Number of protein chains: 2
Amino acid sequence: MTDDKGTARWRIIADLLRSDVVQDHYQPGQALPGEAFLASEYATSRPTIRKAIAQLVGEGLLTVAHGRGTFVRPTPDRRLILMGGSEREDLLSPTYDPAKQGWEHVTVASEAERTAGRVTPNSALFMTIEGSKADVLGVRRGRMGVYRYAYWQHTKTRARIHLCSYLLADQVATITGEGRGMEIDSEIEPEDYYAHLERTHGPLRWITSVHTQMPYGETYEDLNMEPIGTPLLLVRRLMLSKDGRPLEFTEIEAPGDRFEAAAASEHDQAGSDGQVSLRV
Amino acid sequence: MTDDKGTARWRIIADLLRSDVVQDHYQPGQALPGEAFLASEYATSRPTIRKAIAQLVGEGLLTVAHGRGTFVRPTPDRRLILMGGSEREDLLSPTYDPAKQGWEHVTVASEAERTAGRVTPNSALFMTIEGSKADVLGVRRGRMGVYRYAYWQHTKTRARIHLCSYLLADQVATITGEGRGMEIDSEIEPEDYYAHLERTHGPLRWITSVHTQMPYGETYEDLNMEPIGTPLLLVRRLMLSKDGRPLEFTEIEAPGDRFEAAAASEHDQAGSDGQVSLRV
DNA sequence: AGCTATTTGTTCGTATGTATA
DNA sequence: TTATACATACGAACAAATAGC
């Protein structure tokens, strides 16, 4: 059934509701009329209204709360993730203290489950590098790497980010043998990784890139995100040796509605209100 | 009806289908079985299958084609939008030639409609600055600005981006009077904007930031995007005068599955395969 | 605490329209 | 033209979460 020149009814209703939202007919945080009311208002059925609402939820304009209602989604302030600049730090080092910048560590069930408890936040796990990580680091799949991760939560806003790092194992440990007979002799402690790499391969360089994709699986809960309508902001940093060889791959996953990435200008001018929350 | 410990059936099916997709059980581009077949396979109804599929479409993993089928969404190569670096150009200048970098101009109906034809691609329109643009430029709403825009399409990949620029009008024109009696005397041509600003306010500086949000309205068609499941990548550049006053705000809208933004490292090493497609 | 009304969530059946091969 | 596939729409029933009394 198509009323207006072949446009689906749920789409017409979605367009009308969107206009109301973007033109501040409804204020952010305000509840929309109930689905039953809207169904009678637009002379249609509840499934059709729900389809229209689902569209706007996917566009990030509305949120729906079971048993409570449908609300205009407030746009939170975005915190900055600064890229570039001169000093870089090992964000996954056991000695790195995120509390300095207003963050606290949080533990997330799904990560512990995924790694079967073999690695805890800020500890290091020797494992093979697979998939796109191998591509980025320019090595073939199966190469030995060191994996570290952490979840941080911003103390004030409770916004969460996920950090992880893959670095080539033979740069910080002595590996002998192959396959089952492989032995790893790690003389260097995680807190010394960066200093060691600087000595052996410095001066180090970094390349940072940003992209975005839709989250799925347990990412929603792990990052405290709205279940739909929020893209994921991915900040990736590649550490290069003096001669351009990749050494470490660091990735930050952040809710796209609460963070933005900024390229540091020459004279680092951190927002006067302390907006900057993380430097990569 | 909840089969498995309170989880909705469509959610269980979505999880199963997702596993099949991410574990390459289905190859990218390959068609999934029809909705009717899946409904009988999972012993459920077609609406439930459709809900599960809709979830995965929203996650960017599937696309659905009316009358053809449901397909695993291939992930296209991403082109780079380079941020930072030394030379900056006026991307909206009439003399700027995007063809040098493999782009071609395209016209988009909705933009012409939105501005009621008062401004054509690469021409300049004097108009008041409203909303978030005023905030970013640090002026109050209603201040006179110069608006320019263009849509580019990458010749090889047909990926599209939208560029627009707002700059403070009184920096490139003489404005006398207020309200209805306002008169604008623009001695400076659009192609000379940057040179003029460099003379009067240089040396100029730029700050670039990246964020992401879900697109809505006509953005999908204008940017040749998948209708859902693709976030928008927004690259924003603020031009500052020598003394830190904002002069111009440039924004690039790009499909998030086809572009990523990268902070230029010290020694600009454009990808050896010509991956770099735009510098801001 | 319990109860009730309200609101959204899930699932089904069914019918018809429309795009594609 | 025909068959197949997805799109839209309605009605109905019950489940589950929430808020207020």
Side-chain angles (χ1 to χ4, degrees), chain A residues 1-18 21 26 29-59 61-73 220-221 226-229, chain B residues 1-18 21 26 29-59 61-73 220-221 226-229:
Chain A
M1 195 73 65
T2 56
D3 270 3
D4 190 10
K5 47 178 177 179
T7 308
R9 192 173 300 181
W10 69 264
R11 211 174 275 278
I12 296 171
I13 295 170
D15 290 345
L16 291 171
L17 290 176
R18 189 192 301 110
V21 172
Y26 299 112
Q30 185 182 346
L32 265 62
E35 294 173 355
F37 178 86
L38 288 173
S40 75
E41 173 132 293
Y42 288 102
T44 185
S45 65
R46 193 156 84 96
T48 301
I49 291 293
R50 281 178 65 78
K51 180 100 171 101
I53 289 175
Q55 172 69 24
L56 300 188
V57 170
E59 292 172 2
L61 299 174
L62 299 179
T63 53
V64 183
H66 191 173
R68 292 205 297 137
T70 304
F71 304 87
V72 177
R73 187 160 159 192
Y220 299 114
E221 301 95 59
E226 292 284 340
I228 38 182
Chain B
M1 195 72 64
T2 56
D3 269 1
D4 189 10
K5 50 180 176 180
T7 309
R9 191 173 300 180
W10 69 263
R11 214 175 274 278
I12 296 171
I13 296 170
D15 290 344
L16 291 171
L17 290 176
R18 188 191 301 110
V21 171
Y26 300 111
Q30 186 182 344
L32 266 62
E35 294 173 355
F37 178 87
L38 289 172
S40 74
E41 173 132 293
Y42 288 102
T44 185
S45 65
R46 225 186 108 210
T48 301
I49 291 293
R50 280 178 64 78
K51 182 104 170 93
I53 290 176
Q55 172 69 23
L56 300 188
V57 169
E59 293 172 0
L61 298 175
L62 299 178
T63 52
V64 184
H66 191 170
R68 292 203 295 137
T70 304
F71 303 87
V72 177
R73 187 160 160 191
Y220 297 114
E221 302 95 59
E226 291 285 338
I228 39 183

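In what follows, chains are A, B, ... by sequence order, proteins preceding strands, each numbered from 1. Keep in mind that what you see is a predicted model, and the values were worked out from it rather than measured.
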_Tell me every residue that passes side-chain contact (heavy atoms from CB on, under 4.5 Å) with P33(B), counting only those two or more places apart in sequence or in another chain._
Y26(B), F37(B), L38(B)

_In whole Å, I'd like the distance from the CG atom of L62(A) to the C1' atom of dT7(C)._
16 Å

_Output the rounded distance in Å from CD1 (I49(A)) to C1' (dG9(C))._
16 Å

*Starting at CZ of R11(B) and ending at P of dG9(C), how long is that distance when rounded to a whole Å?*
10 Å

*Name the closest nucleotide to the E35(A) side chain, picking from dA7(D), dT8(C), dA9(D).*
dT8(C)

*In terms of side-chain heavy atoms of W10(B), which of dA7(D), dT8(C), dT10(C) is nearest?*
dT10(C)

*asked:* Tell me every residue that passes side-chain hydrogen bond (donor to acceptor under 3.5 Å, both in side chains) with R18(B), counting only those two or more places apart in sequence or in another chain.
replied: D15(B), E59(B)

*Atom CD1 of I13(B) to atom C1' of dT11(C): distance rounded to whole Å?*
11 Å

_I'd like to know if H66(A) reaches the base of dT18(D) with its side chain such that a donor and an acceptor end up less than 3.5 angstrom apart._
no

*Taking C-beta and beyond as the side chain, do Y42(A) and T48(A) meet within less than 4.5 Å on heavy atoms?*
no

_Suppose the criterion is salt bridge (charged side-chain N to carboxylate O under 4.0 Å, His left out): which pairs have a residue in residues 29-45 of chain A, not counting sequence neighbours?_
E35(A)-R46(A), E35(A)-R50(A)

_Between P of dT11(C) and OH of Y42(B), the distance in whole Å_ = 15 Å

*Please report, rounded to the nearest Å, how far the P atom of dT11(C) is from the NZ atom of K51(B).*
9 Å

*Nearest 0.5 Å, what's the CD1-CG distance between I53(B) and L61(B)?*
12.5 Å

Tabulate protein N/O versus nucleotide N/O from nucleotides 12-16 of chain C, keeping only pairs under 3.5 Å, one per line.
{"residue": "dC12(C)", "atom": "OP1", "partner": "R9(B)", "partner atom": "NH1", "Å": "2.7"}
{"residue": "dC12(C)", "atom": "OP1", "partner": "T44(B)", "partner atom": "OG1", "Å": "3.3"}
{"residue": "dC12(C)", "atom": "OP2", "partner": "T44(B)", "partner atom": "OG1", "Å": "2.5"}
{"residue": "dC12(C)", "atom": "OP2", "partner": "S45(B)", "partner atom": "N", "Å": "3.2"}
{"residue": "dC12(C)", "atom": "OP2", "partner": "S45(B)", "partner atom": "OG", "Å": "2.9"}
{"residue": "dC12(C)", "atom": "OP2", "partner": "T48(B)", "partner atom": "OG1", "Å": "2.5"}

*State whether T70(A) places a side-chain N or O below 4.0 Å from either non-bridging phosphate oxygen (OP1 or OP2) of dT7(C).*
no

*asked:* Suppose we screen for side-chain contact (heavy atoms from CB on, under 4.5 Å). Which residues come up paired with A65(A), at least two apart in sequence or across chains?
replied: R68(A), F71(A)

_Results of side-chain hydrogen bond (donor to acceptor under 3.5 Å, both in side chains) for T63(B) - residues two or more places apart only_ = none

*Send over the distance from L32(A) CG to dT8(C) C1', rounded to a whole Å.*
13 Å

*5' priority, DNA chain D, between R68(A) and A65(B) [closest heavy atom]*: A65(B)

_From CG of L38(B) over to P of dA5(D), roughly how many Å is that when rounded to an integer?_
11 Å

